[in-house]
There are 2 protein chains.
Amino acid sequence: MTDRFVSNFTNRLDAKGRVSIPASFRAVLAKDGYEGLYVHPSLDLEALDAGGHALRATIDDILSRFSPFSDEWESLSTALNGTSEVLKVDPEGRIMLSGTLRAHAGIVDAVTFVGHGHKFQIWEPARFQAHLEAARSRLRNVKRTLGSHMTMTPGATGA
Amino acid sequence: MTDRFVSNFTNRLDAKGRVSIPASFRAVLAKDGYEGLYVHPSLDLEALDAGGHALRATIDDILSRFSPFSDEWESLSTALNGTSEVLKVDPEGRIMLSGTLRAHAGIVDAVTFVGHGHKFQIWEPARFQAHLEAARSRLRNVKRTLGSHMTMTPGATGA
DNA sequence: TGGGCAAATATGGGCGTCAATGGAATCGCG
DNA sequence: CGCGATTCCATTGACGCCCATATTTGCCCA
């Protein structure tokens, strides 16, 4: 399974602010043929979205469907292109998060990498735990509401 | 990833009014094959649009969709061609913004360069922060209205 | 089955290089 | 000759690369 980002890993930042990208994620990025890690603040979460060409391609694809002079293009491009960073990956597989990125996610001295298939997220560990719990309880409520009719259809199976 | 303007950088103007173009943007301009930086006031924002041949191309493309005898062509050409400037880039990669350009964007002693793929914008830093927040909240509102199934497809952002 | 060896990964630090910035020197038009 | 503009040079600080260490993981073999 080297073509999708899965699982989660928590690594520490060193004194210089560097942090290792999990080895399994590096393998995915390598297959994707990357030069630098593409990162931008999530539009609606206190987290960062990161990835390689696959992530970049989805952004370009979305923007390409709007006229460069439209308001939608302006807003999307400002939020995505304008706040994206292409982080260099050092020979050891580490990156450095800018102050802006760290601030957006509340990152201090450790981060949690969370696989999302074609991309992955970067969280402050405690915030991710809270986010995970929230997601789980949300799913529990949905399941309770639906009762016995929730019969594990493909894609609905979270676990 | 040297073929698109991404991320944002804030640099200061020195006593002579000079400011460095971010190194990564210079790399994009170099690949684009530029001689001087093409700059014009944004049509509807308190910012400046800047770039190389790629920006020139989009402007020409827009104008080509109108008859050279139409009022629209006249207006667009006046606003774009008529107010554009080709700034010289010194050996250190710095430019000097004219008084007209600084006035349009409210620039005093620092500017923020904002990547937009084929071009980039130049903002007064505080104004850009406000603009970015506005863009984000606009996108959040759209997403909230459409619910959790929004996958940012063009048809879904019609609002 | 248990121990230990080896490979890979995460982490820490030193140092050279480059970008941003400030100021001096030089050029050029009036 | 003078003032503004352009080029040249110096400083500072951030960042990239290299090497060292450690901690883990998995493998091999006795």
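Per chain, numbering begins at 1; letters A, B, ... match sequence-line order.
Atom-to-atom, CZ of A/Arg26 to P of C/dA8 comes out at 12 Å; the value is rounded to the nearest Å. For A/Leu13 and C/dA10, the CG to P distance is 14 Å, given to the nearest whole Å. Following rounding to the nearest Å, A/Arg12 (CZ) and D/dA22 (P) show an atom-to-atom distance of 14 Å. The interatomic distance linking A/Phe9 (CZ) with D/dT24 (C1') rounds to 14 Å, in whole Å. B/Leu87 has its CG atom 13 Å from the P atom of D/dA5, to the nearest Å. A straight line from CD1 of B/Ile21 to P of C/dA19 spans 13 Å, rounded to a whole angstrom.
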* **Base versus backbone protein contacts along nucleotides 7-21 of chain D [heavy-atom cut-off under 4.0 Å; B, S, -]** => BBB-----SBBBB--
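For A/Ser24 and A/Ala15, each mapped to the nucleotide of DNA chain C holding its nearest heavy atom, the one lying further toward the 5' end belongs to A/Ser24.
Each salt bridge (Lys or Arg N to Asp or Glu O under 4.0 Å) pair with one or both residues in residues 83-101 of chain A, not counting sequence neighbours, appears once here: A/Asp14-A/Arg94, A/Asp90-A/Arg94, A/Glu92-A/Arg94.
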* Between A/Phe25 and A/Phe5, does a ring-ring contact (aromatic ring centres under 6.0 Å, His included) hold up when you go through it step by step? -> CA-CA 6 Å; A/Phe25 284 14; A/Phe5 299 103; 5.3 Å; yes
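Checked by atom type, the side-chain pair B/Thr78/B/Glu74 shows a donor-acceptor distance below 3.5 Å. Side-chain atoms of A/Ser77 and A/Asn81 include a donor-acceptor pair closer than 3.5 Å.
Every residue meeting the salt bridge (charged side-chain N to carboxylate O under 4.0 Å, His left out) condition with B/Asp49, not counting sequence neighbours, appears here in chain and number order: B/Lys119.
The side-chain heavy atoms of A/Glu72 and A/Arg65, taken from C-beta on, include no pair separated by under 4.5 Å.
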